[in-house]
Amino acid sequence: VTALELGSDGRMWAGTSRGVAILPPLESARTQVPDPLLVRVSTPLRQLPLALSGQSTLSGLILQPDERALDVFVRSVVMQAQQRVLYRTQLEGVDHDWSPPSAQRQLRIAGLSSGHYVLRIRAEDQSGRASVNEARIEFDVRAPFYERPWFAAAILGALALGALFWQRQQAQRALAIERTRTTIATDLHDEIGAGLSRIAVLSEGLARDR
């Protein structure tokens with residue numbers, strides 16, 4: 001360092017052999033809005049493992065059809081006792097904008113339909129300054145079996161097989177009726193033919209006797 005100079009905005013300008021370096025004001029560094037951390041995430045059936053100190057992201061989470069709710073607890077590490085942190089949330093795919101700021105550190109999401117979601121959480125101070133980083137939870141909600149494509153395909157397949165079976169039954173019934181009619185007609189034809197033959201023979205005999 002060849003020279004140091006304090007600017008009017010509180011930043012420190014340092015001249016070095018490689019150029020000029022600008023250092024942020026120490027006071028602003030201490031009052032920076034702390035990033036939100038996920039400290040507990042749970043569903044109605046289980047609690048998800050997280051780092052003891054909290055973590056900023058959670059991905060690959062899959063919610064089963066019977067656990068369509070998510071409880072999330074966040075916190076921020078504040079450097080000053082008087083610093084107050086507020087939180088905003090946004091559920092991508094559901095919310096069009098960020099929620100109003102709130103000091104509430106617990107969030108419950110329930111009644112989710114099947115699909116892919118990303119929950120975003122950011123911290124703010126009372127003046128509206130936002131944290132540099134957000135907390136994110138990326139998760140999927142699985143559909144119940146009766147809403148899944150394979151179930152619809154199975155239903156359609158069963159209906160198609162049922163219709164095919166019914167058509168075959170109708171065709172077999174029609175064929176059986178036709179066979180019965182043919183048999184009756186043949187029997188009637190044979191009986192009538194035999195009767196006529198007898199009549200002809202008898203008539204012939206009567207004619208000879210005369």
Side-chain angles (χ1 to χ4, degrees), residues 1 4-16 18-143:
V1 178
L4 288 175
E5 184 176 348
L6 181 63
S8 60
D9 56 359
R11 292 186 296 176
M12 184 69 69
W13 295 69
T16 68
R18 295 185 179 181
V20 178
I22 304 175
L23 304 178
L26 295 178
E27 185 63 25
S28 64
R30 287 197 299 267
T31 59
Q32 183 179 4
V33 180
D35 296 334
L37 294 174
L38 305 170
V39 294
R40 191 170 74 186
V41 178
S42 61
T43 73
L45 301 179
R46 56 192 168 125
Q47 182 170 331
L48 302 170
L50 296 175
L52 293 177
S53 58
Q55 60 190 64
S56 59
T57 60
L58 179 63
S59 60
L61 175 60
I62 297 178
L63 301 185
Q64 300 301 326
D66 53 351
E67 54 177 359
R68 295 190 178 195
L70 203 62
D71 290 298
V72 181
F73 294 82
V74 297
R75 70 176 176 86
S76 298
V77 180
V78 297
M79 302 300 295
Q80 297 179 357
Q82 70 272 20
Q83 187 176 14
R84 188 184 182 196
V85 179
L86 305 176
Y87 299 97
R88 289 179 182 264
T89 62
Q90 183 183 41
L91 185 62
E92 292 184 356
V94 177
D95 300 330
H96 298 291
D97 201 357
W98 290 92
S99 67
S102 172
Q104 182 69 27
R105 299 194 303 120
Q106 178 181 358
L107 171 67
R108 180 175 178 83
I109 304 173
L112 296 171
S113 58
S114 57
H116 179 76
Y117 298 92
V118 177
L119 175 63
R120 302 169 60 193
I121 304 172
R122 77 182 185 193
E124 290 185 359
D125 61 11
Q126 292 178 299
S127 65
R129 290 189 310 161
S131 57
V132 176
N133 299 306
E134 301 174 357
R136 293 170 60 92
I137 302 177
E138 187 173 350
F139 63 98
D140 291 274
V141 179
R142 282 190 174 176

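- Applying the side-chain hydrogen bond (donor to acceptor under 3.5 Å, both in side chains) rule to Arg75 yields no partners; only residues at least two apart in sequence or on another chain are considered.
- For the ring pair (Phe, Tyr, Trp, His ring centres under 6.0 Å) condition, the pairs that include at least one residue of residues 99-122, sequence neighbours left out, are Tyr117-Phe139.
- With sequence neighbours left out, Glu124 forms a salt bridge (charged side-chain N to carboxylate O under 4.0 Å, His left out) with Arg88, Arg122.
- Between Arg129 and Val33, the closest heavy-atom pair is O-CG2, 3.4 Å.
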Please walk me through it: do Leu48 and Leu61 pass side chain to side chain contact (heavy atoms under 4.5 Å, CB included)? CA-CA 9 Å; Leu48 302 170; Leu61 175 60; 3.4 Å; yes
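- Here the straight-line distance linking atom CD of Glu138 with atom CG of Leu119 works out to 11.5 Å at 0.5 Å rounding.
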CA sep, side-chain torsions, deciding dist, call: Leu112, Leu91, side chain to side chain contact (heavy atoms under 4.5 Å, CB included): CA-CA 11 Å; Leu112 296 171; Leu91 185 62; 4.0 Å; yes
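- Scanning all heavy atoms of the two residues, the minimum distance from Pro34 to Val77 falls at CB-O, 3.2 Å.
- In this structure, Val41 and Leu70 approach most closely via the heavy-atom pair CG1-CD1, 4.0 Å.
- Residues Pro36 and Ser76 approach most closely at CA-OG, 3.6 Å, considering heavy atoms.
- Residues satisfying the side chain to side chain contact (heavy atoms under 4.5 Å, CB included) criterion with Glu67, sequence neighbours excluded, are Thr43, Pro44, Leu45, Arg46, Leu63, Gln64.
- Counting only distance, with no hydrogens or angles, the side chain of Asp35 and the backbone of Ser131 share no donor-acceptor pair below 3.5 Å.
- Taken from CD1 in Ile137 to OG in Ser59, the straight-line distance is 10.5 Å, to the nearest 0.5 Å.
- Residue pairs meeting the side chain to side chain donor-acceptor pair (under 3.5 Å) criterion with at least one partner in residues 95-107, sequence neighbours excluded, are Thr89-Ser99.
- Closest approach of Ile121 to Leu38, counting heavy atoms only: CD1-CD2, 4.2 Å.
- Atom CZ in Arg84 sits 5.5 Å away from atom CD in Gln126 (nearest 0.5 Å).
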Decide yes or no on side chain to side chain contact (heavy atoms under 4.5 Å, CB included) for Ile62 and Arg142, but give the supporting numbers first. CA-CA 7 Å; Ile62 297 178; Arg142 282 190 174 176; 3.6 Å; yes
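- Between Arg136 and Leu58, every side-chain heavy-atom pair lies at or beyond the 4.5 Å cut-off.
- Checked against salt bridge (charged side-chain N to carboxylate O under 4.0 Å, His left out), Asp71 has the following partners two or more places apart in sequence or in another chain: Arg108.
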